[in-house]
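Quick notes on the structure that follows.
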Amino acid sequence: MELLYQLGLGLVLLLAGPFLLLSRRAHYLATLRGRLTVELPDGVAGALWVHAVSVGEVAVAAALAAGLPAELPLLVTTITPTGQQRARKLFAGRAAVGYLPFDLGLPVERFLRRLTPAALVLVEGDYWPLLLARCRRRGVPVAVVNGRLGDRSYRRLLRAPRVARWLLGGVDSFAVQSEEDARRLRTLGIEQARITVSGNLKYEAAEPQPHPELEAALLALAAGRPLLVAGSTMAGEESAVLAAFAAAGGSARALLVLAPRHPERNDEVARLLAASGRRWVRRSALHTGAGPQAQPPGSAATSDDRMPVGVVLLDTLGELADLYRLAAGCFIGGTLVPKGGHNPLEAARFGRPIAVGPSMENFRDVAAEFDRAGGWRRVGDAFLLGATWREWLDVPAAGQAVGERGRAVVEGNRGALARTLGMLTPLLAATAPAATAPRTADEPAAAGRPR
């Protein structure tokens, strides 16, 4: 099976590679040297290897690292360039950072031979069959943290039990988000002794780093108007967000911060804004230095300078999570289109009122908690999003009540970090005997640890 898998994956890469490079050159080209192991991170032998696919998983990895022994060397890998950029920032001085090798014999063997990790921790479960098999062959234990098994993946594995056993059999222990995830693993043949229900580590993420100069610039640009933030939007959602913004009163009532999920779409969204008739500006063109804030020039779709700037296109990385704290109303993208949703907890932790669409399959248990508590507003289309935003602008107390219920959900679901560290303790003791026990929540973080 291993040989057939490598042949099939190699054929897929050979056939699809040129198309992917042509269609999403900026996204994939930057990863190739790392994924082919032409370039490798400067890791320490015997490090704990933590793999996090992209930005969201990197935040979870940082929350996990905050509880690990300071002297334990870490190696962090990602697949996406945005995840890589975020990991290099969060783990600067704490971990070696690189790309996960392609799941082919030569790259995987070169990576393991050169870096010799003591153990592998998969954040949320990015299962690569050959990598898991080669780790087992080398005696490298593998654990999953913050694990989840989505509806689509579960259905596929149920239809192919042999593949499920082959794929999941390479994992020694699972810390999963919910009892439903545990039940699904048991149904697929995973013994209960290998499963811990830990809760969701996303509830444990550290407060994002503030950006006071950017915050000051946005507030000055808003000139007393409240801010609306639409974060992690996907293709097909920006036009709905702009229609909702207009229905809520547009630039006369608020300043909209619009943050596409994928940076390579920034120019596409910029063209949409240019055709919208609104004054708008890229965040990268927004003055954030000391001194008075000037009205930004030139990105407007109209020559009428009397019209206030209505939209800021957040075309930079690592700033969205902090900006939610300023919002009178939020929208979480990937939810009005069938993409499964994105993390609502970054906004909820600040008690900001959140609106989401119907698609939240990637956050099934989080969504159930928020639905039960009334900790957000469900909207099905641009009309309902606009009506919701208008209500929160007209009656701020109504939005504040929603936001406080969402904050209570976050506060009531903490504890996953301690349970996850408990699951990892035997692995750490067996593979890194020089390391001390994981820190408790009351101990201070070591210098250089991501916060």
Side-chain angles (χ1 to χ4, degrees), residues 40-53 56-78 83-84 86-98 100 111-112 114-126 135 138-147 171-177 194-209 414-451:
L40 287 169
D42 296 324
V44 177
L48 178 68
W49 176 12
V50 181
H51 173 57
V53 176
E57 292 82 4
V58 167
V60 171
L64 175 67
L68 293 173
E71 64 272 23
L72 180 68
L74 294 180
L75 166 65
V76 177
T77 57
T78 75
Q84 187 79 180
R86 189 65 177 152
R88 291 185 183 279
K89 184 174 182 179
L90 285 179
F91 287 94
R94 178 64 181 97
V97 178
L100 182 79
F111 190 97
L112 293 173
R114 292 285 297 274
L115 294 169
T116 59
L120 170 60
V121 173
L122 302 173
V123 176
E124 298 196 1
D126 188 32
C135 282
R138 288 174 171 267
V140 177
V142 179
V144 169
V145 301
N146 216 47
V171 178
D172 297 279
S173 52
F174 298 81
V176 297
Q177 296 180 19
R194 293 162 59 191
I195 304 170
T196 299
V197 179
S198 62
N200 193 335
L201 278 171
K202 284 187 167 70
Y203 287 109
E204 310 285 341
E207 187 166 320
Q209 178 183 351
R414 296 192 185 277
L417 179 58
R419 290 186 287 271
T420 301
L421 292 172
M423 184 274 283
L424 290 177
T425 296
L427 179 147
L428 295 176
T431 61
T436 60
R439 292 188 306 105
T440 67
D442 296 329
E443 294 180 63
R449 189 181 304 282
R451 300 190 66 85

Under the salt bridge (Lys or Arg N to Asp or Glu O under 4.0 Å) rule, collect the residues that match up with Glu124, sequence neighbours excluded.
Arg148, Lys202
With no hydrogens and no angle check, is any side-chain donor or acceptor of [X] less than 3.5 Å from a backbone partner on [Y]?
X	Y	result
Arg86	Val58	no
Glu57	Val123	no
Thr425	Leu421	yes
Glu204	Ala416	yes
Asn146	Leu201	yes

Closest approach of [X] to [Y] (non-hydrogen atoms, all atoms of both residues):
X	Y	result
Ala95	Val76	CB-CG2, 3.9 Å
Thr78	Ala87	CG2-CB, 4.1 Å
Arg94	Leu72	NH1-O, 2.9 Å
Leu64	Leu417	CA-CD1, 3.9 Å
Ala143	Leu427	CB-CD1, 4.0 Å
Ala65	Phe91	CB-CE2, 3.7 Å

Pairs touching residues 414-424 that satisfy salt bridge (charged side-chain N to carboxylate O under 4.0 Å, His left out), sequence neighbours left out
Glu411-Arg414
Report, as yes or no, whether the 6.0 Å neighbourhood of atom CZ on Arg138 holds more than 12 heavy atoms from other residues, nucleotides or ligands.
yes
Could you walk me through whether Thr196 and Val176 pass side chain to side chain contact (heavy atoms under 4.5 Å, CB included), step by step?
CA-CA 6 Å; Thr196 299; Val176 297; over 6 Å; no
Are any non-hydrogen side-chain atoms of [X] and [Y] less than 4.5 angstrom apart?
X	Y	result
Phe111	Leu75	yes
Ser173	Met423	yes
Leu74	Trp49	no
Leu112	Cys135	yes
Pro41	Leu115	yes

The reported gap from CG in Leu122 to NE2 in His51 (rounded to nearest 0.5 angstrom) is 6.5 Å
Would you please name every residue forming a side chain to side chain donor-acceptor pair (under 3.5 Å) with Arg194, sequence neighbours left out?
Glu191
